[in-house]
Undergrad: 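Sending over a structure as structure tokens; questions will come in a sec.
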2 protein chains.
Amino acid sequence: METDPELIQALHKQGSHLTRQRLLVLDILKEIPGHLDAGAIFQEAKKRDERISLATIYRSLAVLKAAGLVEENRLGEEHGHFETIQQAEHYHFTCLSCGRVIEFEATGIPEVVQELSGRENLMVTETYFNLRGYCPECQKIEQNT
Amino acid sequence: METDPELIQALHKQGSHLTRQRLLVLDILKEIPGHLDAGAIFQEAKKRDERISLATIYRSLAVLKAAGLVEENRLGEEHGHFETIQQAEHYHFTCLSCGRVIEFEATGIPEVVQELSGRENLMVTETYFNLRGYCPECQKIEQNT
DNA sequence: TTACCTGCAAAGGGTTTGCACTTTG
DNA sequence: CAAAGTGCAAACCCTTTGCAGGTAA
């Protein structure tokens, strides 16, 4: 493995190595937009590495998460979904009908968090703001029924 | 069962009956403050009904949820936690150290939801705003270490 | 070379389901 | 009485772990 010294650095801080499998998981998360779960990542990974195991996917995700390269979100319910860390903090809306996930930013959220953590003296390290409901398309479909 | 016609009504709308077991689950959620998971509800329920099964707890929770009497929340991660529906919408902070859950209100959140759903034409039916971090007590403990 | 990592298969924890019987309305 | 609900045990799904053999630095 001779890639991206920045990555190697991020992992090395945790005493972790940059392996072919971890790089693959990271590549998949970067290439495929959306919020993949471990199973979907596994399916995709198998296309490029026949022998990779689901256990490795889970272990890779754990390491990448610890290194701050990936974040996990349970979109209101269900099992874990993963995506690479992005510059701007954003949140998720999940359509209960078609399953589509819409990302959005909301400056009001950090404000609320800041106000609250000051008032209650909380040290907030993770913020989850997930909405669920119906997207514009699915609202139309229901009206036509 | 001869109790609370209001409850019977709420369940009847879904074609569901008010059974001894469902009433018991609801009573437990009302009596015990906090955010119980299915296992904890089961343990408590067994004290009052030796023969109740965990499957019934899950099925009861599903029915009560559908009837709008109970809500489920995955506090950022982990498995489901349940509580009875309350008048004021509130959110949750979970301490990563001691596990304590702090409830709070935040008028900024409905505002953000309303603004966003108008702008993006989303029909929002569920709002989850979960914070995780360290509570005041656990921050102190860490400083002393 | 020495940690660290992988694949495999088995185990784990939470949740759901099939079935025969019981209960509600 | 018909429809809905229950207990039990088995099944499921997602995730984690033990272990023997590989691999990164």
Undergrad: Looking only at atom types and distance, does a side-chain atom of A:Glu71 sit under 3.5 Å from a main-chain N or O of A:Ile85, one as donor and one as acceptor?
TA: no

Undergrad: OP1 or OP2 of D:dT6 versus the side-chain N and O atoms of B:Thr19: is any pair under 4.0 Å?
TA: yes

Undergrad: With under 30° as parallel and over 60° as perpendicular, where do the rings of A:Tyr91 and A:Phe104 fit, or are they tilted in between?
TA: tilted

Undergrad: Both A:Gly80 and B:Ser53 contact DNA chain D. Which one's nearest nucleotide lies toward the 5' end?
TA: B:Ser53

Undergrad: Out of the candidates A:His81, A:His79, A:His35, A:Lys65, only one should pair with A:Glu72 under the side chain to side chain donor-acceptor pair (under 3.5 Å) rule; please name it.
TA: A:Lys65

Undergrad: Treating B:Glu120 as the side-chain partner and A:Ile102 as the backbone partner, does any N or O pair qualify as donor plus acceptor under 3.5 Å?
TA: no

Undergrad: Can you check the B:Arg51 CZ to D:dA9 C1' distance for me, whole Å?
TA: 14 Å

Undergrad: Do the non-hydrogen side-chain atoms of B:His17 and B:Leu11 ever get within less than 4.5 Å of each other?
TA: no

Undergrad: Nearest-Å distance, NZ (A:Lys46) to C1' (C:dT6)?
TA: 16 Å

Undergrad: Check every atom of C:dC8, D:dA25, D:dG7 against the side chain of B:Asp49 and return the nucleotide holding the closest atom.
TA: D:dG7

Undergrad: Starting from P on C:dT24, measure out to CD on B:Gln9 and report it in whole angstrom.
TA: 19 Å

Undergrad: Grab the NE2-P distance between A:His12 and C:dT2 for me, whole Å please.
TA: 17 Å

Undergrad: Are OP1 or OP2 of C:dG7 and a side-chain N or O of A:Gln21 less than 4.0 angstrom apart?
TA: yes

Undergrad: Would you kindly give the CG-to-P distance between B:Asp37 and C:dG14, to the nearest whole Å?
TA: 7 Å

Undergrad: Please confirm whether the backbone N or O of A:Arg132 pairs with a side-chain atom of B:Thr125, one donor and one acceptor, at under 3.5 Å?
TA: yes

Undergrad: Measure the distance from CD on A:Gln14 to P on C:dC5 and round it to the nearest whole Å.
TA: 11 Å

Undergrad: When we call it a touch if two heavy atoms are under 4.0 Å apart, what does A:Gly39 touch: a base, just sugar-phosphate, or nothing?
TA: nothing

Undergrad: Whether A:Thr56 contacts C:dC5 is assessed here as follows: a side-chain N or O lying under 4.0 Å from the phosphate OP1 or OP2. Is that the case?
TA: no

Undergrad: With a 4.0 Å cut-off, would you call B:Glu31 and B:Arg48 a salt bridge?
TA: yes

Undergrad: How long is the line joining CZ of B:Arg22 and P of C:dT23, in whole Å?
TA: 15 Å

Undergrad: List, with names and distances, any nitrogen or oxygen atoms from the protein found under 3.5 Å away from nitrogen or oxygen atoms belonging to nucleotides 16-18 of chain C.
TA:
residue : atom : partner : partner atom : Å
C:dG18  : O6   : B:Arg59 : NH1          : 3.4

Undergrad: Check the distance between C:dG13's C1' and B:Arg74's CZ and give it to me in whole angstrom.
TA: 13 Å

